[in-house]
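Data block below; observations after.
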Amino acid sequence: MRQLLDVSWQLIRKEGADALTLPRLAQDAGVAKPVVYDHFATREGLLTALYRDFDARQTAVMDAALEQGTPTLQSRASIIASCYVDCVLTQGREIPSVLAALAGSPELERVKRDYQLVFFEKCRRVLAPFTRSSDVKIASFWAMLGAADSLSNAAALGEITPEEAKEELFAAIMAMIARHNAHSS
């Protein structure tokens, strides 16, 4: 399956998500069509698998960085911001293309929502030692994620630098915690 995902990413990178079909994947991967259909029954299934692949890599990178980082708010906010932006940049324009191709897919919406909630919980755990009460509002995490997605995509498109994206996301995370602590007093 790894080979099929890698070939899919390459095809999207070269020609865009519209070029990615199951028969085309079989051709480019040098395998019989039934092999591809056994792994991904539909194009939507393949695109969902690509999103899961992206998220798994993003999670592994962030987990490793958090494990090696220092346990300060600044360090953890910086790691969250840097890892998020770097993971999107590593995937380049492919992940927005995959998401656009899956727009309106109930399966992707469910998978995406599940991963977003897992990300929120990870951030909540990582940032909890720096909050005055146990729960940062879920709306704050949605705002943080919106900023992360927008800034990362702008950096991927070359509209801002990766450093600017990381700095702004870091500032948004720090402001989120400061605002939470001010309201918790």
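Along the sequence shown, the residues carry numbers beginning at 1.
S78 contributes no side-chain N or O that, together with a main-chain N or O of Q74, makes up a donor-acceptor pair within less than 3.5 Å. The backbone N or O of Y51 sits nowhere less than 3.5 Å from a side-chain atom of D55 that would complete a donor-acceptor pair. A donor-acceptor pair under 3.5 Å links the side-chain atoms of S152 to the main chain of A148, judged by distance alone. No donor-acceptor pair under 3.5 Å is formed between the side chain of T70 and the backbone N or O of S75. Judged purely by atom type and a 3.5 angstrom limit, N181 uses its side chain to pair as donor or acceptor with the backbone of F130. At least one donor-acceptor pair closer than 3.5 Å links the side chain of H183 to the backbone N or O of R179. Remark: side-chain polar atoms of E168 are not paired, donor with acceptor, to backbone N or O of A165 under 3.5 angstrom.
For T161 against E164, the heavy-atom pair with the smallest separation is N-OE1, 2.8 Å. Contact between A155 and L89 at its shortest, heavy atoms only, is C-CD2, 3.7 Å. Contact record, A81 with L169: CA-CD2, 3.6 Å, taken as the closest heavy-atom pair. Residues I79 and A65 share a closest heavy-atom pair of CD1-O, 3.4 Å. Closest heavy-atom contact between C83 and M62: SG-CA, 3.8 Å. A pairwise comparison of heavy atoms in K33 and A26 identifies CA-CB, 3.8 Å as the closest pair.
Counting heavy atoms from C-beta outward, L25 and V31 have side chains that stay 4.5 Å or more apart. Counting heavy atoms from C-beta outward, V61 and D86 have side chains that stay 4.5 Å or more apart. Between K166 and F170 the shortest side-chain heavy-atom distance does not fall below 4.5 Å. Between L50 and I12, the closest side-chain pair of non-hydrogen atoms falls below 4.5 Å. The side-chain heavy atoms of F119 and I80, taken from C-beta on, include a pair separated by under 4.5 Å. Counting heavy atoms from C-beta outward, S140 and H180 have side chains that stay 4.5 Å or more apart. A 4.5 Å side-chain heavy-atom check between L4 and W9 finds every atom pair outside the cut-off. For the pair Y84 and L145, the minimum side-chain heavy-atom distance is below 4.5 Å.
In the hydrophobic clustering of ILVMFWY residues, with side-chain heavy atoms under 4.5 Å counting as a link, L157 and I160 come out apart. Hydrophobic cluster membership differs between V111 and V118, with clusters built from Ile, Leu, Val, Met, Phe, Trp and Tyr side chains linked at under 4.5 angstrom.
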Checking V98 against F54 for the side-chain contact (heavy atoms from CB on, under 4.5 Å) test, could you report, in this order, the C-alpha distance in whole Å, the side-chain angles of both residues, the deciding distance, and whether it holds? CA-CA 10 Å; V98 167; F54 168 75; over 6 Å; no
ring-ring contact (aromatic ring centres under 6.0 Å, His included) between F120 and W142, intermediate numbers included: CA-CA 8 Å; F120 292 168; W142 281 111; 4.7 Å; yes
Can you list the steps and then say if Q3 with V7 is a side-chain contact (heavy atoms from CB on, under 4.5 Å)? CA-CA 6 Å; Q3 175 196 359; V7 170; 4.3 Å; yes
Quick one: do D53 and R2 satisfy side-chain contact (heavy atoms from CB on, under 4.5 Å)? Show the steps, please. CA-CA 9 Å; D53 180 57; R2 179 78 256 157; 2.7 Å; yes
Report the C-alpha distance between T59 and K122 in whole Å, list the side-chain angles of each, state the deciding distance to 0.1 Å, and finish with yes or no for side-chain contact (heavy atoms from CB on, under 4.5 Å). CA-CA 10 Å; T59 298; K122 176 190 301 284; 3.9 Å; yes
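Atoms CZ and CZ, on F141 and R124 in that order, are 5.0 Å from each other to the nearest 0.5 Å. Separating the CG atom in L5 from the CZ atom in R57 is a distance of 8.5 Å, to the nearest 0.5 Å. Here the straight-line distance linking atom CZ of R43 with atom CG of L47 works out to 5.0 Å at 0.5 Å rounding. L127 CG to I177 CD1: the interatomic distance, rounded to the nearest 0.5 Å, is 4.5 Å. Here the CD atom belonging to E15 is positioned 10.0 Å from the CG atom belonging to L20, to the nearest 0.5 angstrom. Annotation: the span from F40 atom CZ to T48 atom OG1 amounts to 10.5 Å, rounded to 0.5 Å.
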